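Within every chain, numbering begins at 1; the chains are lettered A, B, ... in the order of the sequence lines, protein sequences first and strands thereafter. Everything numeric in this text was worked out from a predicted model, so none of it was measured.
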Protein chains: 2
Amino acid sequence: MSSANPHAWSEHARAVLARAGRQRGGARERVIELLARQPCALSAVEIEDELRARGEATGRASIYRVLDLLVEHGLAERVTVGQGQARFETVDPTGEHHHHLICERCGRLVAFDDPGLERAIDRVGQRLGMRVERHDVLLRGACERCE
Amino acid sequence: MSSANPHAWSEHARAVLARAGRQRGGARERVIELLARQPCALSAVEIEDELRARGEATGRASIYRVLDLLVEHGLAERVTVGQGQARFETVDPTGEHHHHLICERCGRLVAFDDPGLERAIDRVGQRLGMRVERHDVLLRGACERCE
DNA sequence: ATAGGAACGAGAATCAGTCTCATATTGTGG
DNA sequence: CCACAATATGAGACTGATTCTCGTTCCTAT
């Protein structure tokens with residue numbers, strides 16, 4: 001789930017990085033632009049392939065660097081959906097966040113948010129005396145279309 | 001978190017696999033026995049090393065095969081904690097399950113369960129019209145010791 | 001005891017992700 | 001506009017986990 005306005009996110013991302021003293025660069029620009037217009041999380045390999053397909057081939061190392069940088073600055077989130085690869089998606093500047101639900105029939109990945117779930121997680125953290133800084137929730141099952 | 005009674009789990013696992021028409025075999029037996037007595041999730045590599053250390057060296061392919069088989073039959077669960085490797089742990093035959101909380105300072109992995117969280121997840125599924133068959137929850141932060 | 005399907009194991013292959021290092025860009029101060 | 005120092009980039013080697021291949025060995029129902 002990218003922000004409703006892809007442009008807003010990419011602008012925001014550029015601003016945050018500039019403020020952090022980062023110079024601009026082609027690879028970064030390409031990754032940011034691509035990520036900005038995605039409806040849901042992409043893996044690094046998908047990004048690499050997609051950029052190459054568009055004739056904007058970009059070094060793998062740069063892609064991972066940009067992704068790390070975005071995550072580090074809270075601009076993107078690393079989503080671990082499957083077994084072996086991480087996916088990345090933009091984080092809404094307003095701070096809203098969400099979780100995913102994956103249909104094990106068709107592979108569709110859907111984002112959702114739920115205040116009740118967030119509250120339940122907060123309570124767990126308190127109960128266990130742990131400072132929960134982040135949490136990943138992934139629901140697996142059959143989506144409406146596949147049921 | 002294995003079942004309170006490791007013996008019960010390994011017996012159960014053997015029974016389920018026998019019922020499924022699987023033959024017995026040394027590698028499987030070794031992995032099941034090892035898994036049965038673990039307090040928490042082990043990675044495939046840890047299993048391989050631990051077995052070798054005990055003089056029960058077992059082929060890597062067999063370990064992964066056994067693990068897949070266990071997951072397939074609902075006897076074990078794949079827990080994706082970090083970036084690059086999966087961990088596996090026994091699933092209690094009674095159906096009870098739990099989630100994990102990882103301390104990002106010391107790497108300690110702790111299991112917990114929480115009915116409130118389960119209820120919140122059920123509600124999300126209903127609200128979204130999805131049949132949620134499984135769910136993964138991972139809380140990341142600082143544990144009491146590290147805070 | 002034996003045939004045929006399972007299970008095994010060694011090691012090669014794959015795949016995501018990381019690292020290295022030489023080169024190219026960027027932005028600042030002059 | 002120029003030089004320079006900091007940063008960004010890319011090719012490709014490398015790593016570590018997992019998967020694949022395939023010949024061998026083990027089970028178990030006749």
In whole angstrom, what separates [X]'s [atom1] from [N]'s [atom2]?
{"X": "A:Q85", "N": "D:dG16", "atom1": "CD", "atom2": "C1'", "value": "16 Å"}
{"X": "B:R60", "N": "D:dA17", "atom1": "CZ", "atom2": "C1'", "value": "9 Å"}
{"X": "B:Y64", "N": "D:dT21", "atom1": "OH", "atom2": "P", "value": "17 Å"}
{"X": "B:D68", "N": "D:dA17", "atom1": "CG", "atom2": "P", "value": "17 Å"}
{"X": "B:R30", "N": "C:dA7", "atom1": "CZ", "atom2": "P", "value": "14 Å"}
{"X": "A:E46", "N": "C:dG17", "atom1": "CD", "atom2": "P", "value": "10 Å"}
{"X": "A:I63", "N": "D:dG12", "atom1": "CD1", "atom2": "C1'", "value": "15 Å"}
{"X": "B:L69", "N": "C:dA7", "atom1": "CG", "atom2": "P", "value": "7 Å"}

Picking from D:dT9, C:dA16, D:dT18, the nucleotide nearest the side-chain atoms of A:S62 would be D:dT9
Assert: residue with more 5' nearest nucleotide on DNA chain D, out of B:R24 and B:A44, is B:A44
- Query: When you look at A:R14 and A:E33, which way does the salt bridge (charged side-chain N to carboxylate O under 4.0 Å, His left out) test go after all the steps?
  - Reply: CA-CA 10 Å; A:R14 277 187 212 99; A:E33 278 309 307; 2.5 Å; yes
Pick base, sugar-phosphate or nothing for [X], based on heavy-atom distances below 4.0 Å to the nucleic acid.
{"X": "B:T58", "value": "sugar-phosphate"}
{"X": "B:Q23", "value": "base"}
{"X": "B:A27", "value": "sugar-phosphate"}
{"X": "A:R87", "value": "nothing"}
{"X": "B:R28", "value": "sugar-phosphate"}
{"X": "A:R22", "value": "sugar-phosphate"}
{"X": "A:G21", "value": "nothing"}

Which of B:H98, B:R78, B:Q38 passes side-chain hydrogen bond (donor to acceptor under 3.5 Å, both in side chains) with B:E89? It is B:H98
Should the pair A:R65-A:D68 be classified as a salt bridge under the 4.0 Å nitrogen-to-oxygen rule?
-> no
SB check B:D122 B:R119 (cutoff 4.0 Å)
no
Here the gap from A:L139 atom CG to B:E133 atom CD, rounded to the nearest 0.5 Å, amounts to 11.5 Å
(Q) Can you say whether a donor on the side chain of A:R65 sits under 3.5 Å from an acceptor on the base of C:dG17, or the other way round? (A) no
